[in-house]
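Taking it in order: structure first as structure tokens, then the write-up.
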Amino acid sequence: MNYVKDMREKLNIEYVKSELIKTAYGGKETFLASLHPRTLIIWYLFFGIVPWFIHNKIVLSCFLVLMVVLTIMARVSPLIIVILCAGLLGEIGFLLLVSLVFGGGLASLLPMFWLTVKLAVIALASIAVFTSMDPERFSDALLSFGVPGQASFSVSFGYRILPTLVEEFQRVFLSYRLRGKAPETHGIFYWRTASYYLKLLVLSFYPLILNSAKRSRTTVEALETKGFSYSFTNAEVKKMKLAHLTYTYKDPLFLIGTVAYISFAFWLGTFIS
Amino acid sequence: MAKREVFQLTQSQKMMVFILSMSLYGLSNMFTELIPSLQLGPVELSVEYFAFIPLTLCILFHPLYAAIGASLGEIIFGELMLGQFGGIGEIEKFITFSLGMYIAGILVRNPLNRMQVGVAVMSGLIVHHLLGMIVDIGKVWVGVEELEAVKGLAESIIVIEGVAFLNDLLFSGILFALLPTLYLVPRLYGKIEPLLGMKPRNKDDRYTMKEIVTPRFVVIGIVLSAIAIIAEFLSETEFSFGEWEPDFMEMFGDWFIWIVIGVAAVIAVITIALMARKNRTQRSKLNNVA
């Protein structure tokens with residue numbers, strides 16, 4: 001019971017908010033964070049696609065080990081790991097349940113397990129890369145790949161505006177709760193309470209939409225006074241903006257190391273089977 | 001004179017719509033990611049997303065910018081920040097979701113007509129979920145090697161996806177897309193536009209054919225035909241369920257879906273770039289006038 005209480009205390013909105021802000025701004029002294037964001041994105045493109053097409057179990061296991069090591073090195077927030085594990089286990093468990101109903105039996109457990117490994121490799125790769133990248137650096141990396149300025153701007157804008165938005169949402173939500181009347185009984189499976197809160201959640205967006213509209217106008221106007229949309233089309237400005245991204249000796253080292261590890265994994269995979 | 005009636009926004013107004021849609025939908029996405037779902041046997045009652053936000057904005061403003069903004073907001077807030085970024089898989093979601101929202105937006109001519117809004121919302125959702133379901137099934141097909149060897153696995157995946165489709169459409173779709181949109185659109189219409197410094201969308205406003213046929217139309221056409229190819233590919237494999245030839249899988253299945261998705265994504269990116277350039281030239285024309 002204490003455990004449940006502990007979990008409930010941890011999973012309130014304040015905790016989530018602070019965890020997210022920590023993810024966005026903290027822990028920048030890790031090895032992955034010191035790499036050039038372009039290197040990380042190229043590295044990630046490999047591990048985001050290739051595992052889907054690998055059916056060799058040894059190779060997959062090698063990949064998983066690498067990802068776990070990198071995730072530990074990136075010092076990822078426990079909340080994110082819990083969300084990931086819950087998602088993976090839930091999906092696989094449900095698939096298994098249904099395939100048992102269809103008479104698949106436990107035989108379907110093994111292929112599903114390897115699919116889980118695959119998904120875990122891909123998810124861990126993205127977690128390791130994207131949590132160790134500063135939003136500023138990530139948006140600059142996108143810009144350097146030629147992504148339109150609006151899109152790369154919105155990444156760093158999103159990270160910055162989030163605390164304000166969450167706070168404002170909380171205020172609106174609480175004022176709705178103050179004015180409204182919560183149901184006296186919970187109903188079966190708490191459905192009364194749940195539907196009450198969900199309704200409030202939806203209603204809270206009405207003032208929020210209006211407020212955000214005002215804010216987005218202010219934002220765009222402020223940006224335009226600084227020549228925002230002009231600077232995106234100007235090559236000179238882009239060069240200046242991206243000047244702080246530099247390659248160090250770590251970048252080729254990291255890529256060469258990964259390539260060596262992958263070749264080793266494939267060699268091991270063919271050697272054993 | 002007729003040209004005046006065309007619904008047009010300036011570059012900064014488009015950016016405002018984009019930012020608005022991105023931040024709001026992104027925020028809602030963080031909540032829906034954290035709301036637990038209720039499992040009733042095989043039916044999962046979950047709050048998939050608050051689609052009413054992009055839908056409302058697509059109907060009230062420029063559908064394309066609101067749709068793309070919402071998809072991007074989902075990726076940034078709901079995936080990147082929570083560390084759930086699926087990487088390449090997100091491209092497919094990006095395309096299908098933007099397409100669905102966009103279709104819902106262009107179907108509405110008069111935001112005060114409830115019937116029109118309702119039909120538009122449901123058709124946008126159907127487009128999005130149907131495409132998503134097809135791609136999901138395809139993914140498991142590619143990812144699981146011994147799919148044909150294990151009895152019941154293939155059927156169960158189709159059943160799960162079918163149930164998820166119906167759940168998304170009937171539970172989430174009606175409760176969190178249709179009803180709130182019907183509530184919000186008439187209330188916000190005429191109120192929110194002045195806040196962004198623009199006129200409300202008029203009943204007589206329309207998109208010129210020229211505007212519809214250019215890049216956007218091409219993308220939609222190509223994406224739809226790509227999906228059609230995938231669908232065909234899937235239906236073909238379904239018929240030969242019992243005697244699945246493994247080499248067919250090897251030479252076709254592995255890369256085929258990804259190539260189709262990749263082509264669609266590349267075209268979408270090119271189009272966005274083209275449109276950005278178009279806006280740029282429009283802006284420089286304006287500058288010349290000034």
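A, B, ... follow the sequence lines: proteins, then strands. Residue 1 opens every chain.
Atom CG of B:Leu24 and atom CZ of A:Arg215 lie 9.0 Å apart (nearest 0.5 Å). Between the CG atom in B:Leu27 and the CG atom in A:Leu208 there is a gap of 6.5 Å [rounded to 0.5 Å]. Note that the CG atom of B:Leu20 and the OG atom of A:Ser216 stand 4.5 Å from one another [nearest 0.5 Å].
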For this session: Let me see the working for B:Tyr183 and A:Val202 under side chain to side chain contact (heavy atoms under 4.5 Å, CB included), right down to the final yes or no.
Result: CA-CA 10 Å; B:Tyr183 169 82; A:Val202 172; over 6 Å; no
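Contacts with chain B were tallied for A:Ala128, A:Ala125, A:Ala213; A:Ala213 has the most, counting heavy-atom pairs under 4.5 Å. Interface check for chain A: of the options B:Ser28, B:Gly73, B:Gly26, the most heavy-atom pairs under 4.5 Å are formed by B:Ser28.
Within the 4.5 Å cutoff, no side-chain heavy atoms of A:Phe205 are placed close to those of B:Thr56. In this structure, A:Leu198 and B:Leu175 have side chains that are not in contact, with every pair of non-hydrogen atoms separated by 4.5 Å or more. For the pair B:Ile76/A:Phe157, no side-chain contact is recorded, criterion being any heavy-atom separation below 4.5 Å from C-beta on. Residues A:Val155 and B:Ile75 are not in side-chain contact: their nearest non-hydrogen atoms beyond the backbone lie 4.5 Å or more apart.
Heavy-atom distances place no part of B:Leu179 under 4.5 Å from chain A, backbone and side chain included. Interface remark: A:Phe47 contributes no atoms to any contact with chain B (heavy atom separation under 4.5 Å). B:Met22 touches chain A through its side chain: at least one heavy atom from C-beta onward sits under 4.5 Å away, while N, CA, C and O do not. Only the side chain of A:Leu203 comes within less than 4.5 Å of a heavy atom of chain B; its backbone N, CA, C and O stay farther away. Heavy atoms closer than 4.5 Å to chain A are found in both the backbone and the side chain of B:Leu196.
Shown here for B:Met15 and A:Val220, the closest heavy-atom pair between the two residues is CG-CG2, 3.9 Å.
Other residues, nucleotides and ligands contribute at most 12 non-hydrogen atoms within 6.0 Å of the NZ atom of A:Lys199.
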